[in-house]
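The structure's right below; bear with me while I get my questions together.
Positions are given from 1 along the sequence.
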Amino acid sequence: MLLHGLAGHEGEADDARSRRARASACDSIETTNTSRSNVVQSVLTLLGAVLGGTLVLLGDSIRRKVERRKEEVNRLAEVSVRLSSMYNRLCGQIIDAFIAGVEVSDLTVADPLRYEVTTQFFMTPGSEQLRSQASRLMDAYYRLRNSYGQDSAWVAARDEYGSAVREFEAAVRVILHRNRI
C-alpha cells in the first residue's frame with residue numbers, strides 16, 4: 001500500500017506538472033496571440049495613417065487644381081471685359097459722331113490703348129477659345145470706322161458690330177458658366 005500511496009503522489013505530481021505545463025503553454029499562446037494582435041493593430045494603424053495622409057494630399061491637390069482653374073477663368077473674364085469695353089467705347093464714339101452729324105475728317109483718333117488691351121487679351125491663357133469672336137469684334141470696329149458716311153455700308157457695319165458684341169459676350173458667358181477654360 002505504501003507503494004501504491006507513493007505511486008498516487010507521483011501521479012498527482014505528474015498531474016500538477018502537466019497542468020502547470022498546460023497553463024504555461026496557454027500563457028505562451030495568449031502572449032503570442034497578444035503579440036500578434038498588437039502587431040496587427042500597429043500595422044492597421046500605420047495603414048490608416050498612410051491612407052489618411054494620401055487622401056489629404058489628394059484632396060489638397062484637387063483643391064489647388066480647382067482654384068487654379070477658377071483663377072484662369074477669372075483672369076480671362078477680366079481681360080475679355082476690358083477688350084469688349086474698349087471696342088464698345090470706340091464703336092460707341094463713332095455711332096455717336098454719326099448721330100451728331102460729325103464729318104469723317106473730324107472723327108477723333110482711335111485710342112492707342114486698344115493695342116495694349118488687345119495684346120493682353122491674346123496673351124491670356126484660354127483666349128484662343130475666344131479668338132474668332134474677339135477678332136470679329138475688332139473687325140466690326142474697323143468696318144464701322146471705314147464705312148462712316150457711306151449709307152448702305154454703314155448700316156451693314158453697324159448691324160455687324162451689334163451681332164459681334166453679342167457673339168463675343170455669349171462666348172465669354174459659356175466659359176464663365178462652365179467655370180473652366
When every non-hydrogen atom of Leu83 is compared with those of Ala134, the smallest separation belongs to CD2-CB, 3.7 Å
Please say yes or no: joined through hydrophobic side-chain contacts below 4.5 Å, possibly via intermediate residues, are Ile99 and Val104 part of one cluster? yes
Got a sec, which residues hit side-chain contact (heavy atoms from CB on, under 4.5 Å) with Asp111, two or more places apart in sequence or on another chain? Met86, Arg89, Leu90, Leu113
Cationic N near anionic O, under 4.0 Å, Arg63 to Glu67: yes
Any residue meeting side-chain contact (heavy atoms from CB on, under 4.5 Å) with Gln41, in chain and number order, not counting sequence neighbours: Asn38, Thr45
Give the minimum heavy-atom separation between Gln129 and Gln133, together with the two atoms involved. O-OE1, 3.6 Å
Quick check: do Cys91 and Arg145 have side-chain heavy atoms less than 4.5 Å from each other? no
Compare all side-chain heavy atoms of Asn179 with those of Arg69 and state whether any distance is below 4.5 angstrom. no
If you round to the nearest 0.5 Å, how far is CG of Leu46 from OG of Ser42? 8.5 Å
With no hydrogens and no angle check, is any side-chain donor or acceptor of Thr124 less than 3.5 Å from a backbone partner on Leu76? no
Are Thr108 and Gln93 packed together at the side-chain level, in the sense that at least one heavy-atom pair is separated by less than 4.5 angstrom? yes
Is the backbone N or O of Val102 less than 3.5 Å from a side-chain atom of Asp106, with the two atoms forming a donor-acceptor pair by type? no
How far does OH of Tyr142 sit from OG of Ser147, to the nearest 0.5 angstrom? 14.0 Å
Heavy-atom closest contact (Arg114 atom, Thr118 atom, distance): O-OG1, 2.6 Å
Is there a path of hydrophobic side-chain contacts, each under 4.5 Å between heavy atoms of I/L/V/M/F/W/Y residues, joining Leu176 to Phe121? yes
Using 30° and 60° as the class boundaries, would you call the ring planes of Phe98 and Trp154 parallel, tilted or perpendicular? parallel
So which atom in Leu137 and which in Ser84 form the shortest heavy-atom distance, rounded to 0.1 Å? CD2-CA, 4.0 Å
Verdict with reasoning, Glu72 to Ile175, per side chain to side chain contact (heavy atoms under 4.5 Å, CB included): CA-CA 11 Å; Glu72 289 173 351; Ile175 291 174; over 6 Å; no
Between Asp60 (side chain only) and Val56 (backbone N and O only), is there a donor and an acceptor less than 3.5 Å apart? no
Counting only N and O atoms by type, is there a donor-acceptor contact under 3.5 Å from the side chain of Arg166 to the main-chain atoms of Gly162? yes
Heavy-atom neighbours of Asp151 CG exceed 12 at 6.0 Å: no
Considering the options Tyr161, Phe168, Tyr141, which one meets the ring-ring contact (aromatic ring centres under 6.0 Å, His included) requirement together with Tyr87? Tyr141
Can you confirm whether Phe122 sits close enough to Arg131 that some side-chain heavy atom of one is under 4.5 Å from a side-chain heavy atom of the other? yes
Within the side chain of Ser61, is there an N or O that forms a donor-acceptor pair under 3.5 Å with the backbone of Leu57? no
When you compare the side chains of Arg136 and Ser163, does any donor N or O come within less than 3.5 Å of an acceptor on the partner? yes
Ser127 and Val79: CA distance, side-chain angles, deciding distance, side chain to side chain contact (heavy atoms under 4.5 Å, CB included) verdict: CA-CA 9 Å; Ser127 65; Val79 75; 6.0 Å; no
Would you indicate whether the side-chain heavy atoms of Glu169 and Val81 approach each other to under 4.5 Å? no
Heavy-atom count check: over 12 atoms from other residues, nucleotides or ligands less than 6.0 Å from Arg180 CZ? no
Kindly compute the distance separating CG (Leu44) from CG (Leu51), expressed to the nearest 0.5 Å. 11.5 Å
Residues passing the side chain to side chain donor-acceptor pair (under 3.5 Å) test with Glu160, sequence neighbours excluded, are Arg143
